[in-house]
Protein chains: 2
Amino acid sequence: MSPATILDVAGSAGVSIKTVSRVVNGEARVADSTREKVLQAIKALGYQRNMFARGLRADKSRVLGLLYDNPKGDYPTDVLLGALTHCRESGYHLQVEVLRGRDLPAQAIKFLSETRLDGVMLTPPVCDNMEVLAVLADYDIPYVRVSPNKPRPGECYIAIDDRQAGEHLANCLLELGHRRIGFIRGIPGHAASRLRYEGYRGALARHGLAYDPDLVLPGKFDFASGFGGAAQLMALPDPPTAIFACNDEMAAGVLSWAHEQGMPVPGTLSVCGFDGGTISRVVWPLLTTCRQPIRELGKAAIRRLIEVSISGKREGTPLILPFELVTGHSTGKCNCFPDTAGQTAGT
Amino acid sequence: MSPATILDVAGSAGVSIKTVSRVVNGEARVADSTREKVLQAIKALGYQRNMFARGLRADKSRVLGLLYDNPKGDYPTDVLLGALTHCRESGYHLQVEVLRGRDLPAQAIKFLSETRLDGVMLTPPVCDNMEVLAVLADYDIPYVRVSPNKPRPGECYIAIDDRQAGEHLANCLLELGHRRIGFIRGIPGHAASRLRYEGYRGALARHGLAYDPDLVLPGKFDFASGFGGAAQLMALPDPPTAIFACNDEMAAGVLSWAHEQGMPVPGTLSVCGFDGGTISRVVWPLLTTCRQPIRELGKAAIRRLIEVSISGKREGTPLILPFELVTGHSTGKCNCFPDTAGQTAGT
DNA sequence: CATTTATCAGACAACGTTGTCATTGACGCG
DNA sequence: CGCGTCAATGACAACGTTGTCTGATAAATG
């Protein structure tokens, strides 16, 4: 059985196809009695409208795209989940595309020419690939970036205030008495990594502490960077009493190194991460971290795309979502001044 | 500027639209010189074919669906990644849909009526929802299930041999000398959980060991199940010396409980998980686990869907992919016979 | 009662592509 | 030369929907 079309419904309900179209699209000028007849016919025939024909005529697919190139960890999962949630609420659908390997712009061209999307959202790091953005602009597809590195003036992007978050987290450590705090950065060019680092430096400055470049290491957002970074930092002549890793996975690496050394956490070394995803909740001890509202970021991006798709206006103000500090058990008071600590313990 | 159509290309190249269509679709009967002319015109005009029109005429969208309802952890991410990889190689695209909350069949109906997919892949647990499957059958959409609970005869599904994997893993523990092995199950109705459990019992039986129901606990595949399960198991009068958790996240819970008690792992308690994803690599000590080829599962499912979509034949043989045992540092020799252990240590 | 206005419904074209069938011309063979 | 065969190309309809325009009927107004 071939599926029922608008024509079958029209015949069955004794009206014209246009009237059926009006009912299906919820247009105003239809008498209640007619609408009822049509709805019944639709139900009886199991009619479902054909998206191809609809799209061909209206040039709107109601399908959005999610474009990413870093399929690791909770981030893509949660962005996707948030995006899907909002899509479902709005009657939109989501097509996912991964850009990996060589010649990202060519991949973007291929996927854009094979589909018809009403808009695309991009996450780091691909959201900072200028060539890919140029392709999108060329195809005249609206897009929204999440946590872009260098937002353009007037661009409507979605992010959290990573700088402030970094500063807050560093502050937590400072208030626990830590004075030498190691910092492990994420991959270069990643906006979040840079901003969290700036926040870290800002916190130090506000506490009147000198900045020691030996305490800052590069990283790749992976476990090995944390593990190796911890080894390197703790081998310093004057090692830190706390380590701030730029994400949870690196923090997990720091924790594992400490466990392997038999070094108590947070007794001898405090550790904090960033993201607040699954990893922070399955390691021991529970990580002190900063929870990003990743799902909300995804939701907001989709909401924004739909707005643009309907209104056509691409300008707008950036949307900065709130983060949340999560206090785990991986951070504690600094024991770095044995005399002071001894006094307190003695009395 | 409105985008160029096949008509513009035809005009520019001095041929008919049908010829352009032939070139675009790589059909055979076109003279090389003509093909060249058309290709140049396409390039010059920046022509890209309109998927709506194509779909309307050919009734093929070249878009597949991924349907899931358990958006936790690496599983969905990796399935998605594998699926996308194969999609890209094959010129297909992937639309993702999450079914969550109440009335899953209704959600399935909604999403199927709003899109036009050539096929759908499903992962657990939604792949075992008979109502949803009925909806898919009703819409006459080919589907492939990954790790289904009760495969139907002749159904072509994708899975690993969970029973055998469970048996292997239990065997590892038995060969290390463990005789009392705790087992924490996953959510009921989940095929993998049941099969791994059967494998565990099989291994016990093969070693001539009695089955002790006290050693088997229910679980929900989450951290808390592992944490609580460990507490409960180790409070037994005759506690286990090893715990086999049905996935990595629960194993991480077991580890954390042990750390909190100051119980050495694997010194006093050996732990193994299942999945071999990120979690197994970021906890301390590294988990002994069974790595599922999740990406390959996703790839295989898509490959299969494309076959079905092209050939129209829905029958086929199930595809069982190989798993891989990963030996971490969370398992070690059993110290449960102090006399023997003492003797060895003494000499 | 005549006229305007509002409301509802239908006829028809158009969207850009592919499938079906027809046409053209070149070539080989008896 | 006449015929059949085959490769290459084109004309045209059809896919199912929505936008535009027009027509019909009922209600409101002078």
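From a predicted model like this one, the values you see are computed outputs, not experimental measurements.
- Using a 4.5 Å heavy-atom threshold, the side chains of Tyr143(A) and Val308(A) count as separate.
- Backbone-only contact: Val15(B) has heavy atoms under 4.0 Å from sugar-phosphate atoms and none from a base.
- Protein atom CZ of Arg62(B) is 11 Å distant from nucleotide atom P of dT18(C), rounded to whole Å.
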Inset, instruction - Summarise how protein sits on nucleotides 11-16 of chain C as a single string, 5' to 3': B when a protein heavy atom is under 4.0 Å from the base, S for sugar-phosphate-only contact, - for no contact. - result: B--BBB
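- The CG atom of Leu104(B) sits 4.0 Å away from the CG atom of Leu99(B) when rounded to the nearest 0.5 Å.
- Contacts between residues 30-39 of chain B and DNA chain D, defined by a heavy-atom separation below 4.0 Å, involve Val30(B), Ala31(B), Thr34(B), listed by number.
- Taking a cutoff of 4.0 Å between a charged side-chain nitrogen and a carboxylate oxygen, Asp69(A) and Arg100(A) do not qualify as a salt bridge.
- In this structure, Asp59(A) reaches neither bases nor backbone, as no heavy-atom distance under 4.0 Å exists between it and the strands shown.
- Here the closest heavy-atom approach between residue Gly189(A) and residue Asn149(A) is recorded as O-ND2, 2.8 Å.
- Among residues at least two apart or in separate chains, salt bridge (Lys or Arg N to Asp or Glu O under 4.0 Å) pairs with a member in residues 109-122 of chain A are Lys110(A)-Glu114(A).
- Judged by distance alone, the side chain of Gln107(B) and the main-chain N or O of Arg102(B) form a donor-acceptor pair under 3.5 Å.
- Distance Glu27(B) CD to dT9(D) C1': 12 Å, rounded to the nearest Å.
- In this structure, Thr19(B) reaches the sugar-phosphate backbone alone: every heavy-atom distance under 4.0 Å involves primed, P, OP1 or OP2 atoms, never a base.
- When atom types are taken as modelled, the side chain of Ser90(B) and the backbone of Tyr92(B) share no donor-acceptor pair closer than 3.5 angstrom.
- Distances shown here put a side-chain N or O of Ser21(B) below 4.0 Å from the OP1 or OP2 atom of dT18(C).
- Counting non-hydrogen atoms of other residues, nucleotides and ligands closer than 6.0 Å to CD of Glu89(B) gives a total above 12.
- Atom NZ in Lys60(B) sits roughly 14 Å away from atom P in dT18(C) (whole-Å rounding).
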